[in-house]
Amino acid sequence: MHSLLHLCRPRALLRLKLPAVMLLTLLQRSPAVRVVGTLEQAVTGSPLGAVLRSTLASAASLGALHSMAGATVLEASQPGPFSASVGATVAIGFTVTNTINIASWRVTGSFPPGLALTAIQGGNPLTSAGVLQAPGGGDDGYGNVRAPTTTPLLIGTPTQPGTYTLSFQAWELANTSGLASRVFDYTINVAGSAQPAPAPAFTTQPSNQTATAGASATFTAAASGSPMFEWRRDGAAVAGGTTASLTVANVQPTNAGIYYALVSNAAGSGRSQPAMLGVNSAVKLIGTGQEFPDIRASNGNIYDQILLGAAAASVKADLGQILRISFLDLNDDIVQVEFSGAGTLTIVLDGATGPAAPLKYNQPTTPYMKGHAGIILTGANATTNLTVFSVGRAINTNENLYLPGAAFDGFADIAYIAISSTDGQFAGLRAANANCFALKGYTGIYAPGVQFSGPVFISDINASDDATPALIIGGGNDVRITGGDLFQAN
């Protein structure tokens, strides 16, 4: 009884003229529990959903705890001072324990921008100091007009950091009339933006793909952190490659290469493991090229010579023969790529030009394509051999082949060699006078899981700018860097 006398105006008590027994009955009610229970029923089907139900449940438990505690207390579903973050949703329910029904509230102080105080029962919300009450009303049984019991909910998303203090005073009747509680303060501390999602991390890596010309191939990756995706082939962005899966339709030799995915969000970025796309061919040549068949070399080997006639082509070796494909590197040196055994070899020239007569060789009627080569060999097995070399005075001493004053650096300059094997085996890779370098994508030897029974020779690997060097094989008995020191320019 002493709490109501302490919190309410004496004149209001006198005006009620209630007998002591009725006054005691009023004091022993537990309106906080009743009000919150009604509030929970009102929002059960509302779009605020679980957040509000959790808020109301918290307020109800607090009211039940203190309703008979003998002192009027402002209870909140979140204890004050409350810590919030810019951009994070806030929902806080309020009630007053150990008093009669509350029909209106006077609220003063500073509101965090982005938050509003609303009555679940309806009415106009507050975003600044004012009076909160539910619409409608009725007779309270004593000749006074009383709005329905109203319960405030502070809800929204803070937009500015700072410390904000709201002052609440509860009133028995509408329009802040009747009995009143004392003034209660509630503080909200709003910090900067909520912590961003962690930097993305790959949970699924793309795998090597081989497709028959004209078919499609799909790379699939997955990463945590809800990142944005960007797929790249040989370091260049793939058109339309902005989702976790990348489908390459109507695969042609120009699509072959080393693919990988970049992911990024507000917290950082990441890159997937590389995966190669190769072409599977049942015919000797897919693409443009001039074939010179059945050439017998001085050592007795028989090979088919193909002069590359476009930016890319896929070739297949005849059984028991060597297939050779020719083009110019960026230094205008002729590069010969030879292979035998199982598999399909694809050459893709970056920055391709031509065909045109070579500048260093006495071959005025022979048109060569020129560019920076990616060499992709898929479908290989233990029978497959691959050789890469340049044509110069160190290889061929016949001066009639060269134009006067022609100078050669002695190396075949290429971007990379990528190999996949159906049985995990490979005979030998001989590229002792081939240098791998690039400004983007991958450069070097990429043959993950492939075991070499013969030699693996490469002159040097040098990555510049955004390129990544690679010397990745499953294993080998004779692996050598035959010319450089593997120093990386980047």
Side-chain angles (χ1 to χ4, degrees), residues 208-213 233-236 248 251-259 276-281 283-292 303-318 321-356 358 366-380 384-391 411-420 426 429-431 433-438 441-447 458:
N208 291 344
Q209 302 292 318
T210 301
T212 301
R233 182 189 71 86
D234 295 344
V248 182
V251 171
Q252 297 297 324
T254 53
N255 301 121
I258 297 178
Y259 288 72
M276 59 185 291
L277 172 60
V279 179
N280 181 31
S281 175
V283 298
K284 180 174 289 186
L285 172 65
I286 299 176
T288 303
Q290 184 178 0
E291 181 182 0
F292 303 91
Y303 62 91
D304 294 330
Q305 175 83 46
I306 292 179
L307 183 63
L308 184 63
S314 297
V315 294
K316 199 171 185 69
D318 290 336
Q321 290 191 342
I322 301 170
L323 187 139
R324 175 188 291 173
I325 187 166
S326 305
F327 56 91
L328 298 175
D329 67 14
L330 295 180
N331 287 322
D332 291 300
D333 296 339
I334 292 176
V335 176
Q336 307 279 29
V337 180
E338 297 179 349
F339 95 104
S340 62
T344 301
L345 175 73
T346 301
I347 305 292
V348 181
L349 298 182
D350 186 34
T353 59
T366 306
Y368 284 87
M369 291 297 299
K370 176 180 174 180
H372 199 46
I375 300 172
I376 304 99
L377 180 53
T378 57
T384 310
N385 280 278
L386 179 65
T387 301
V388 183
F389 61 94
S390 72
V391 177
F411 298 99
D413 296 311
I414 61 176
Y416 62 84
I417 298 169
I419 297 172
S420 68
F426 199 89
L429 170 60
R430 297 166 176 86
N433 82 323
N435 283 330
C436 292
F437 75 91
Y442 283 82
T443 184
I445 299 173
Y446 180 68
I458 190 75

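Throughout, numbering of the chain's residues begins at 1 and tracks the sequence.
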Heavy-atom closest pair, residues [X] and [Y]:
X	Y	answer
Q321	D304	OE1-OD2, 3.1 Å
V279	A256	CG2-CB, 4.5 Å
I458	A434	CD1-O, 3.4 Å
Y442	Y416	O-CD2, 3.6 Å
I286	P253	O-CG, 3.6 Å
V251	A211	CG2-CB, 3.9 Å

Pair up each side-chain donor or acceptor in residues 310-318 with any protein partner under 3.5 Å, not counting sequence neighbours, and list the distances.
| residue | atom | partner | partner atom | Å |
| --- | --- | --- | --- | --- |
| S314 | OG | T346 | OG1 | 2.7 |
| K316 | NZ | S281 | O | 3.4 |
| D318 | OD2 | K284 | NZ | 2.7 |

Exercise. Could you give the distance from CG (N280) to CD (Q209), rounded to the nearest 0.5 Å?
Worked result: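 Going from CG on N280 over to CD on Q209, the span is 13.0 Å.
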Exercise. How far does CZ of F339 sit from CG of N385, to the nearest 0.5 angstrom?
Worked result: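 One finds 10.5 Å between CZ of F339 and CG of N385.
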Does [Y] offer a backbone N or O that forms a donor-acceptor pair with the side chain of [X] under 3.5 Å?
X	Y	answer
N331	D333	no
D234	I258	yes
N208	M276	yes
T344	T378	no
S326	L307	no

Exercise. With sequence neighbours left out, what residues match D413 under salt bridge (charged side-chain N to carboxylate O under 4.0 Å, His left out)?
Worked result: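 D413 satisfies salt bridge (charged side-chain N to carboxylate O under 4.0 Å, His left out) with no residue once adjacent residues are dropped.
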For this session: Output, in order, the C-alpha distance, side-chain angles, deciding distance and verdict of side chain to side chain contact (heavy atoms under 4.5 Å, CB included) for L277 and T210.
Result: CA-CA 6 Å; L277 172 60; T210 301; over 6 Å; no
Exercise. Looking at L345, I414, L308, I417, which one forms a side-chain contact (heavy atoms from CB on, under 4.5 Å) with V337?
Worked result: L345
Can I get a per-line list of side-chain donor-acceptor pairs under 3.5 Å for residues 366-377, giving both atom names and the distance, sequence neighbours left out?
| residue | atom | partner | partner atom | Å |
| --- | --- | --- | --- | --- |
| Y368 | OH | Q363 | OE1 | 2.8 |
| K370 | NZ | D332 | OD1 | 3.1 |
| K370 | NZ | D332 | OD2 | 3.4 |
| H372 | NE2 | F437 | O | 2.7 |

Exercise. Hey, are the side chains of F389 and E338 touching, using non-hydrogen atoms and a 4.5 Å cut-off?
Worked result: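 The answer is yes; the side chains approach within 4.5 Å.
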